[in-house]
Amino acid sequence: MTEDDVVNVGEELLTIGTFAARARLSAKALRLYDRLGLLAPAHVDEASGYRYYRAGQVERARLVALLRQLDMPLARIAEVVEAPDGAAAADRLDVYWADVEERLAGQRTLAEYLRGRLSGRSSEMYGKFVVETVDVPEQVLISETRHVLAGELPAWIGASLGRLEEAAKECGGITAAPFVVYHSEVSMESDGPVEACVPVADEAAARAWAEAAGRAHQARVRVEPARRLAYTRITKAQVAHPQILAAFEAVEQWVGGQGLTFDGPSREVYFADWDAAGPEDPVCDVAFPVR
């Protein structure tokens, strides 16, 4: 019996050559899918090593090939093809594609930032940001401080603000948008420190919380004096490092042009529901205290 024959073992099995032709794939691709655990043969002859597939596996083979054309990671492909039904598979594809669009939006913003830098059109690039000022009253803050590099920053911001927002329930509730203060530069080489802050209503309760929290996550309470902030509003895609630097630089340039003086470290104010926001939705104010 040759590898090009059809073998019957209860149900018709197709040789890899016949199956590849029906699936419009190469035998090499099918061997790869088998090795990756995405599409195993229905039967492998122990003596010859020949691989045989069921006709019903054609649809799965074509689906795997199409998903690979989306540059979907192998683990995500497995999640889609192993879904219990078509609706669940479509939902998993939607989740993956939303991630792709968010990443592309961030890369598009980064490309615009780099194009402006490389072409010497920084001033023109900064002109895309609308800078305004706002007066912020005195605030009682519960906060966490940590040294983090740029690559660690997004995960830490989400985790720390989540902890503080939960703690705020013990401190009279949240009174204004949470924010992150950069006490020193954060980059791939410089680690801040960075302070996550949540304004709360009850200072006494906040101090009791801080005393109970002890040294956990370097938690503390402080009173932030009333400030005037110069800020520009950016989208979720623009928050990613390093493209967010363009927003900081735009505000710095505007402050200098207005004859104002910096009056404290820069910050990011997160006023929107991050998880619910799309790549192009405004989520954050990049701000500097000024006087």
Side-chain angles (χ1 to χ4, degrees), residues 95 98-99 102 105-106 132 134-184 186 191-241 244 247-248 251 264-289:
V95 170
D99 292 342
E102 183 172 332
E132 300 177 289
V134 62
D135 291 315
V136 179
E138 179 181 275
Q139 296 176 315
V140 176
L141 305 176
I142 57 174
S143 74
E144 291 184 14
T145 301
R146 183 172 172 181
H147 288 271
V148 289
L149 296 172
E152 306 166 319
L153 187 61
W156 180 79
I157 288 176
S160 60
L161 290 181
R163 286 190 294 267
L164 292 169
E165 288 170 357
E166 182 65 23
K169 297 175 182 178
E170 304 175 29
C171 307
I174 300 172
T175 59
F179 59 95
V180 174
V181 179
Y182 294 92
H183 293 285
S184 189
V186 173
D191 64 354
V194 186
E195 182 184 15
C197 304
V198 171
V200 296
D202 190 332
E203 182 177 354
R207 295 197 180 280
W209 164 81
E211 184 175 352
R215 294 181 176 272
H217 306 293
Q218 298 188 43
R220 65 172 179 150
V221 175
R222 66 181 180 87
V223 178
E224 173 95 342
R227 294 186 181 278
R228 170 165 291 184
L229 299 179
Y231 72 96
T232 189
R233 186 150 291 185
I234 61 175
T235 66
K236 187 174 182 178
Q238 291 173 311
V239 169
H241 184 87
I244 193 173
F248 280 100
V251 178
S266 62
R267 59 198 61 199
E268 296 166 6
V269 183
Y270 290 94
F271 57 82
D273 184 336
W274 180 270
D275 292 332
E280 303 305 327
D281 292 331
V283 296
C284 174
D285 290 336
V286 168
F288 286 82

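Heavy-atom basis, side chains included; hydrogens, waters and symmetry copies ignored. Just so it is clear, the structure is predicted and the values come from calculations on it, not from any experiment.
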_Glu224 CD to Glu138 CD distance, which is reported to the nearest 0.5 Å_ = 9.5 Å
*Kindly compute the distance separating OG1 (Thr235) from CD1 (Ile244), expressed to the nearest 0.5 Å.*
9.5 Å
How far apart are the closest heavy atoms of [X] and [Y], and which atoms are they?
{"X": "Val283", "Y": "Ala277", "value": "CG1-CB, 3.5 Å"}
{"X": "Cys171", "Y": "Val200", "value": "O-CB, 3.5 Å"}
{"X": "Ile174", "Y": "Ala176", "value": "CG2-O, 3.1 Å"}
{"X": "Pro282", "Y": "Ala272", "value": "O-CB, 3.7 Å"}
{"X": "Pro289", "Y": "Pro265", "value": "CD-O, 3.2 Å"}
{"X": "Ala213", "Y": "Ala219", "value": "CB-CB, 4.3 Å"}

*Determine, stepwise, if the pair Trp274 / Val239 fulfils side chain to side chain contact (heavy atoms under 4.5 Å, CB included).*
CA-CA 11 Å; Trp274 180 270; Val239 169; 3.9 Å; yes
_Name of the residue among Asp202, Val221, Val198, Thr175 meeting side chain to side chain contact (heavy atoms under 4.5 Å, CB included) with Val140_ = Val221
_Sequence-distant partners of Glu195, side chain to side chain contact (heavy atoms under 4.5 Å, CB included), two or more places apart_ = Ser143, Thr145, Val181, His183, Cys197, Arg220, Arg222
*List in chain and number order the residues that pass side chain to side chain contact (heavy atoms under 4.5 Å, CB included) with Pro225, two or more places apart in sequence or in another chain; answer none if no residue qualifies.*
Arg227
Sequence neighbours excluded and cut-off under 3.5 Å, please list the side-chain donor-acceptor pairs for residues 156-167, or say none.
from   : atom 1 : to     : atom 2 : distance (Å)
Ser160 : OG     : Trp156 : O      : 2.8
Ser160 : OG     : Ile157 : O      : 3.2
Arg163 : NE     : Glu144 : OE1    : 3.4
Arg163 : NE     : Glu144 : OE2    : 3.0
Arg163 : NH2    : Glu144 : OE1    : 2.8
Glu166 : OE1    : Lys169 : NZ     : 3.0
Glu166 : OE2    : Lys169 : NZ     : 3.4

_Sidechain N-carboxylate O distance under 4.0 Å for Arg207, Glu211_ = no
Going by heavy atoms in the side chains, are [X] and [Y] under 4.5 Å from each other?
{"X": "Asp285", "Y": "Phe179", "value": "no"}
{"X": "Arg267", "Y": "Tyr231", "value": "no"}
{"X": "Leu153", "Y": "Tyr182", "value": "yes"}

